[in-house]
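Letters A, B, ... mirror the listed sequences (proteins, then strands); counts begin at 1.
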There are 2 protein chains.
Amino acid sequence: MNTQFKKGVLELCVLVMAGQKDYYGYELVNMISDNIQISEGTIYPLLRRLTQEGYFSTYLKESNEGPPRKYYRLTEQGKAYRDELVSEWVSFSNGVNRIMESFFKGEDRS
Amino acid sequence: MNTQFKKGVLELCVLVMAGQKDYYGYELVNMISDNIQISEGTIYPLLRRLTQEGYFSTYLKESNEGPPRKYYRLTEQGKAYRDELVSEWVSFSNGVNRIMESFFKGEDRS
DNA sequence: AAAAGGTATCGTGTATTGCAAGGTACTGTG
DNA sequence: CACAGTACCTTGCAATACACGATACCTTTT
């Protein structure tokens, strides 16, 4: 899997997912890796950065299956940033699709 | 515009576009920037790298509107790489869409 | 209680790549 | 000649995914 495709998009995914309800890190890792090939070492630094930037608040909660889990809650600032990112993503992916479509017309890529 | 979204995707766009017919650099810059905000400083180094990696062959052609144009032709190796990238992009963007869709259900993002 | 295995988090260093900024040079017009 | 438009190129910086490793807790087994 091309690692470059993931740049910025994983941030978008995390923000969108955490906008629905609070998740803990390991849970996000597993949910994302069901759809995209990623490793833990990618998500944890990302969550830390987004928290430092004020987009997440965190709290700990005990678990009966292991150590306490750190939950991530999207702040108001985080919601605004998420909406901005989503909007940019829609605009960008539309641009890419326009390019791809017009150049695949009548092309069989044999 | 989030610069991170573009990582890897511009390479994909250039390869797909040049797969149809030969283009010169300035032409590619203008065509892409009609759909996505980019600058020359992004595309020229990209074309040079892809040429060094054997995905493009180049030739010069005189122009009556300015200096000679350097045309880029996709090699067989380039076509194989392009097809691989396209396949990975389809797989990746489907994964992202699955995540986005499932988390925007019933979400009004007020 | 010691060992093993799964759960959960965090930090460091590296490689890739988009971009701003700047430079070179050719052609045709005023 | 000056200027605008065309066309190409290079350097240095910033962002960030990932590999790798470390820490630590819990439950079950021996």
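- Within the 4.0 angstrom heavy-atom criterion, no nucleotide atom of any strand lies near Y23(A).
- Here the side chain of T51(B) pairs a donor or acceptor atom with the backbone of L47(B) at under 3.5 angstrom.
- Among the heavy atoms of the strands lying under 4.0 Å from Q37(B) are primed sugar atoms or P, OP1, OP2 only; no base atom is included.
- When only modelled atom types and interatomic distance are considered, E11(B) and Y81(B) share a side-chain donor-acceptor pair under 3.5 Å.
- One interatomic measurement links the two molecules: OH of Y24(A) to P of dT9(C), which rounds to 8 Å at whole-angstrom precision.
- A distance-only check finds no donor-acceptor pair linking the side chain of K6(A) to the backbone of F92(B) [under 3.5 Å].
- Considering only side-chain atoms of K70(A), the nucleotide from dC10(C), dC18(D), dT9(C) that sits closest is dC10(C).
- For E40(A) against dC10(C), no side-chain N or O and base N or O form a donor-acceptor pair under 3.5 Å.
- Counting to the nearest Å, the P atom of dT7(C) and the CE atom of M31(A) are 16 Å from each other.
- Environment of NZ in K21(B): crowded, with over 12 heavy atoms of neighbouring residues, nucleotides or ligands closer than 6.0 Å.
- At the heavy-atom level, G41(A) lies under 4.0 Å from base atoms of the strands shown.
- Summarising the geometry, the separation between CG on N64(B) and C1' on dA7(D) is reported as 13 Å, rounded to the nearest angstrom.
- Atom CG of N2(A) and atom P of dC18(D) are 10 Å apart (whole Å).
- Residue whose closest nucleotide on DNA chain D sits further toward the 5' end, between P68(A) and R49(A): R49(A).
- Looking at the side chain of Q4(B), the nearest of the listed nucleotides dA15(D), dC25(D), dT17(C) is dA15(D).
- Going from atom CD1 of I32(A) over to atom C1' of dC18(D) covers 14 Å, rounded to whole Å.
- Contact annotation: R69(A) side-chain N/O to dA8(C) OP1/OP2 distance is under 4.0 Å.
- Along DNA chain C, the nucleotide nearest to T3(A) and the one nearest to Y44(A) differ in position, and the one closer to the 5' end is contacted by Y44(A).
- As judged by a 4.0 angstrom heavy-atom cut-off over every strand, E11(B) is placed among residues touching the sugar-phosphate backbone only.
- The T42(A) side chain lies nearest to dC18(D) when the options are dG18(C), dC18(D), dA8(C).
- Between L47(A) atom CG and dA8(C) atom P the separation is 14 Å, expressed in whole Å.
- For the pair Y72(A) and L10(B), nearest-nucleotide mapping onto DNA chain C gives the more 5' position to Y72(A).
- Look at K6(B) and you'll find a side-chain N or O under 4.0 angstrom from OP1 or OP2 of dC19(C).
- An OP1 or OP2 oxygen of dC18(D) is reached within less than 4.0 angstrom by no side-chain nitrogen or oxygen of S39(A).
- Formation of a donor-acceptor pair under 3.5 Å by the T75(A) side chain with backbone atoms of Y55(A) is found in this model.
- OP1 or OP2 of dG11(C) sits under 4.0 Å from a side-chain N or O of R48(A).
- Remark: C1' of dA25(C) and CG of L60(B) are 14 Å apart, rounded to the nearest angstrom.
- Between I32(A) and M17(A) the shortest side-chain heavy-atom distance falls below 4.5 Å.
- Rounded to an integer number of Å, the gap from K7(A) NZ to dT16(D) C1' is 4 Å.
- Ranking dA17(D), dT16(C), dT6(D) by closeness to the Y26(B) side chain, first place goes to dT6(D).
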